Protein chains: 2
Amino acid sequence: MLNMRSVDPADPDRTARATIRDAALALFAERGPDAATVRDIAAAAEVSPALVLHHYGSKDGLRAAVDEYAAGAFDAMLAQLEGGDLADVLSGGEPASLAEAFATEFRAGSPLVLYLRRLLLSGDPAGTVLVRRWHALTLGVVERLEEAGVARPSRDREARAALLLAGDLAVVLLAPHLGAVLGENPLTPGGMARWTAEATDVYLHGAFVAPPEGADPTTDPTTDPSTDRTGGDPT
Amino acid sequence: MLNMRSVDPADPDRTARATIRDAALALFAERGPDAATVRDIAAAAEVSPALVLHHYGSKDGLRAAVDEYAAGAFDAMLAQLEGGDLADVLSGGEPASLAEAFATEFRAGSPLVLYLRRLLLSGDPAGTVLVRRWHALTLGVVERLEEAGVARPSRDREARAALLLAGDLAVVLLAPHLGAVLGENPLTPGGMARWTAEATDVYLHGAFVAPPEGADPTTDPTTDPSTDRTGGDPT
DNA sequence: ACATAGACTGAACAAGCGTTTAGCATGCTG
DNA sequence: CAGCATGCTAAACGCTTGTTCAGTCTATGT
């Protein structure tokens with residue numbers, strides 16, 4: 001049998017180790033790490049199953065390597081978002097939301113998007129670490145925007161940052177379903193433009209109008225002590 | 001070996017078939033259908049593995065039965081939401097958002113919540129069906145609220161309904177992570193109150209203030225034809 | 001009392017899994 | 001040239017999986 005190393009003339013110095021990692025990333029993202037077998041990964045990378053174990057020790061070792069690689073990619077995206085100047089964010093010169101950053105960094109079917117999806121919903125502690133970091137980033141942005149007078153001050157800034165973050169992550173997590181409903185995937189350029197337009201409108205002017213001062217004439221809130229909501233979230 | 005049927009005096013007429021289904025629902029939701037083995041399910045239901053197959057034909061048959069059961073539970077919740085009168089929604093007499101409905105219907109660690117999570121992120125077409133139905137429901141509510149003058153009219157009502165729906169689903173999907181960040185799971189009563197307060201504030205008054213009429217003095221939007229955003233979504 | 005049906009089980013099966021082992025080819029180093 | 005590490009493979013190992021099978025127990029209808 002021939003030596004398979006450097007078999008692809010387009011990528012001459014790509015090692016078999018990297019090829020295996022990429023194949024694993026794609027298959028892990030698509031079917032989940034448990035459903036993707038070592039034999040499948042080996043076949044996708046055009047190597048023998050034994051070579052996968054030779055390079056990564058075990059399937060868990062490969063999993064860890066892929067996790068680390070994906071985390072690095074997310075960190076890179078994070079750094080780009082973090083490094084952006086506030087003025088650029090406000091004027092629209094840089095991706096302003098996490099969802100937008102995803103849409104520009106990774107195309108709609110990117111393995112990394114699928115990987116993030118799995119990471120956030122598998123209960124993997126790495127997912128919580130990621131959310132915590134992104135929340136801290138969002139919180140910092142909200143604080144700066146409040147100081148700049150661009151954001152309405154919130155009594156519960158942490159909850160507001162979480163709300164905004166959750167909204168962005170929802171786009172990434174639910175992109176295929178939202179695409180099926182709206183006709184175009186919000187992670188594509190066109191779909192993202194439509195989504196951002198609506199999100200901007202709501203975040204600037206709200207979605208509902210404040211009720212007139214005083215209680216709703218049809219019901220007296222004080223007669224129902226079990227609920228003390230201020231107006232609800234009528235979705 | 002004793003006949004294990006009706007072994008639980010608290011639930012005397014619960015059939016082994018139902019016990020198996022419930023055990024499967026819990027394990028499917030917790031670990032995923034692939035990771036939960038027939039032997040595990042049988043052990044949880046305190047029956048032999050063969051009985052699982054005897055009642056459901058195959059593991060796929062069991063999966064289908066559990067899917068159907070979960071879909072029925074979701075439909076029941078949907079019907080309750082749909083049947084609520086508009087006045088009740090506005091006055092806070094009924095759960096007003098999907099997230100609130102989830103928090104009241106299912107407690108934070110409920111198998112059905114975990115099941116929904118898996119359903120929406122596994123690429124299962126049943127997930128898209130569910131999203132489509134909930135979007136239609138949300139769209140109807142938005143339309144009625146606009147007619148009642150409670151919701152600000154939107155140029156793109158479908159996108160607005162999707163935005164509101166995504167926000168609610170995000171709470172359900174990301175609940176554990178948000179709980180880790182905020183200190184309390186938003187699907188618990190306390191966490192939900194905090195979340196709804198912030199969401200109500202944003203949905204009523206917005207999160208950001210509209211920029212003054214005219215362009216940002218630091219940059220002229222017309223000089224950059226590649227981006228035509230109205231103001232961005234600075235999260 | 002007897003027969004039939006259904007709930008239920010222990011043991012075994014084939015298939016697929018991650019992993020190990022022994023060995024081949026290649027290229028560098030002395 | 002010999003020695004050795006490295007990239008790589010075919011074949012097999014033990015284990016777990018979903019599934020099947022033959023048979024036991026316990027009701028119920030006649």
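Bear in mind that the values here come from a model prediction, so they are computed numbers and not experimental data. Scope of the values below: all heavy atoms of this structure, side chains included, with no hydrogens, waters or symmetry mates. Order of the sequence lines fixes the chain letters, A, B, ..., with proteins taken first and strands second; residue numbering starts at 1 for each chain.
- Rounded to an integer number of Å, the gap from B:Asp34 CG to D:dG18 C1' is 12 Å.
- A straight line from NE2 of B:His55 to C1' of C:dT9 spans 12 Å, rounded to a whole angstrom.
- Looking at the side chain of A:Val38, the nearest of the listed nucleotides C:dG18, D:dT9, D:dT17 is C:dG18.
- Closest to the side chain of A:Lys59, out of C:dT19, C:dC8, C:dT9, is C:dT19.
- Contact annotation: B:His54 side-chain N/O to C:dC8 OP1/OP2 distance is not under 4.0 Å.
- Rounding to whole angstrom units, CG of residue A:Leu51 and P of C:dT26 are separated by 16 Å.
- Closest approach to the B:Ser48 side chain among C:dG10, D:dC8, D:dT20 is made by C:dG10 (side chain taken as heavy atoms from C-beta onward).
- The distance between atom CG of A:Leu53 and atom P of C:dT19, rounded to the nearest whole Å, is 5 Å.
- A:Arg39 contributes no side-chain N or O that forms a donor-acceptor pair with the base of C:dG16 under 3.5 Å.
- The CD1-C1' distance, from A:Ile41 to C:dC17, rounds to 12 Å in whole Å.
- Residues A:Thr188 and A:Asn185 have side chains that never bring a donor and an acceptor to within less than 3.5 angstrom of each other.
- D:dG7 atom P lies 10 Å from atom CZ of A:Arg17, rounded to whole Å.
- To the nearest angstrom, C1' of C:dT9 lies 12 Å from CD1 of B:Ile20.
- For A:Asp40 and A:Thr37, the side-chain atoms include at least one donor-acceptor pair closer than 3.5 Å.
- Atom OH in B:Tyr56 sits 4.5 Å away from atom CZ in B:Arg17 (nearest 0.5 Å).
- Atom CE of A:Met77 and atom CH2 of A:Trp134 lie 4.5 Å apart (nearest 0.5 Å).
- The structure places CG of A:Leu62 at 13.5 Å from OH of A:Tyr69, a figure rounded to the nearest 0.5 Å.
- Closest contact between the side chain of A:Ala50 and the listed nucleotides C:dT9, D:dT9, D:dC8 involves D:dT9.
- Less than 4.0 Å separates DNA chain D from no heavy atom of any residue of residues 21-29 of chain B.
- Heavy-atom contacts from other residues, nucleotides or ligands closer than 6.0 Å to CD of A:Glu68 number 12 or fewer.
- Contact record, B:Leu120 with B:Gly127: CD2-O, 3.8 Å, taken as the closest heavy-atom pair.
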